[in-house]
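Take a look at the structure set out below.
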Amino acid sequence: MLKSILSGEDCAACRFCCSFRRKSLWETPLFDKATKEILEKKYPQAKFKKAGKESFTVDLLHLYKSDDSEEEAACPFLSESGCVLSKDEKPFDCSIWPLRATKIEGKVKVMLENTCPAINRQPIENVENLVKSGLSKKIISYAEKNPDMLKDFQDGFVILG
Ligand code: SF4
Ligand code: SF4
């Protein structure tokens, strides 16, 4: 989450981005191999699977209890008090949500997804200013080194940088 423009209260009441319907499984967070190996030891209940060339993500398929396409499965690192991961363990994806990196005409771009209710209640200028203040460079640089995190652009998303 974008801590500088989101409040802990908003997120505590929501948690949308830490739970996933089947159609949102493309959104589960990515971990590098070293972090995955640490987390497997610390949290044996968490299952991982390969995602892209170098990355791993949480495998949630076994957590669904019905065929309901609206059923959500929570990330195994979500507790009653929020994410249990330390700053070093938390995926970059999670720290920048609802921003994402995409590739358009060969160039990495920063896009804003349209499903975070707390961001959607704010003027888009708040996110634009944050992105322009240096976050865009950080995301693009990270995505160029970690192309597994690139997501497809979709209708409703907004390119910001
Ligand atoms: S979707 Fe937005 S408001 Fe909800 S928990 Fe995630 S960052 Fe917070
Ligand atoms: S790793 Fe933490 S912040 Fe990311 S989806 Fe899981 S619980 Fe949420």
Side-chain angles (χ1 to χ4, degrees), residues 1-52 54-65 69-102 110-131 133 135-136 138-139 142-143 146 148-152 154-158 160-161:
M1 63 180 268
L2 301 174
K3 281 191 176 155
S4 57
I5 55 171
L6 286 169
S7 77
E9 292 75 31
D10 276 335
C11 293
C14 171
R15 299 191 176 167
F16 170 83
C17 55
C18 298
S19 298
F20 302 86
R21 287 169 286 174
R22 286 181 180 81
K23 70 179 178 188
S24 305
L25 289 175
W26 61 275
E27 271 280 40
T28 51
L30 299 183
F31 299 84
D32 62 32
K33 189 164 182 272
T35 307
K36 178 203 92 133
E37 287 175 356
I38 291 168
L39 295 178
E40 279 176 327
K41 287 189 186 128
K42 274 174 86 172
Y43 304 97
Q45 81 282 10
K47 307 286 177 216
F48 290 86
K49 63 180 182 181
K50 199 100 176 27
E54 310 276 342
S55 308
F56 295 83
T57 190
V58 284
D59 187 352
L60 305 183
L61 273 181
H62 64 289
L63 298 177
Y64 294 108
K65 295 181 173 56
S69 61
E70 294 302 307
E71 183 185 354
E72 296 191 339
C75 173
F77 306 117
L78 181 65
S79 75
E80 283 296 311
S81 51
C83 181
V84 297
L85 300 185
S86 68
K87 194 172 168 228
D88 289 342
E89 295 166 341
K90 194 175 282 196
F92 184 73
D93 285 345
C94 301
S95 68
I96 62 166
W97 165 264
L99 295 173
R100 287 289 176 256
T102 189
V110 175
M111 66 180 172
L112 174 65
E113 290 203 18
N114 57 354
T115 50
C116 169
I119 289 288
N120 290 347
R121 285 194 292 272
Q122 300 190 27
I124 194 166
E125 289 78 16
N126 290 4
V127 192
E128 283 174 339
N129 291 338
L130 184 65
V131 167
S133 73
L135 187 54
S136 174
K138 186 177 168 188
I139 294 173
Y142 189 94
N146 300 276
D148 288 341
M149 75 169 282
L150 293 167
K151 308 291 187 205
D152 291 338
Q154 296 183 28
D155 279 352
F157 294 1
V158 182
L160 292 182

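Numbering starts at 1 and runs along the sequence shown. Start at 1 and go down the list; that is how both ligands and their atoms are numbered. Note that these values count all heavy atoms, side chains included, but never hydrogens, waters or copies made by symmetry.
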At a 4.0 angstrom heavy-atom cut-off, what protein residues surround ligand 2?
C17, C18, P29, C75, F77, L78, C83, L85, P91, C94
Measuring to atom 2 (Fe) of ligand 1, does C116 have an N/O/S atom at a distance below 2.8 Å?
yes
Is it true that E37 and K33 have a side-chain N and a carboxylate O under 4.0 angstrom from each other?
yes
Answer yes if the ring centres of F48 and F56 are under 6.0 angstrom apart, and no otherwise.
no
Between the side chain of K151 and the main-chain N/O of M111, is any donor-acceptor distance below 3.5 Å?
no
For ligand 1, which atoms have a heavy atom of L6 less than 4.0 angstrom away?
7 (S)
Stacked cation flag R100 on F157, 6.0 angstrom / 45 deg:
no
Which of the atoms of ligand 1 are close to A118, meaning less than 4.0 Å from one of its heavy atoms?
3 (S)
The answer for which part of I119 has a heavy atom under 4.0 Å from ligand 1 is neither
Can a donor-acceptor pair be found, under 3.5 Å and without considering hydrogens, that links the side chain of D148 to the backbone of S55?
yes
Going by an N to O cut-off under 4.0 Å, is there a salt bridge joining E89 and K42?
yes
Please check: side-chain N/O of D93 versus main-chain N/O of L30, any donor-acceptor pairing under 3.5 Å?
yes
Expected output: side-chain R15 to main-chain E80 donor-acceptor under 3.5 Å:
yes
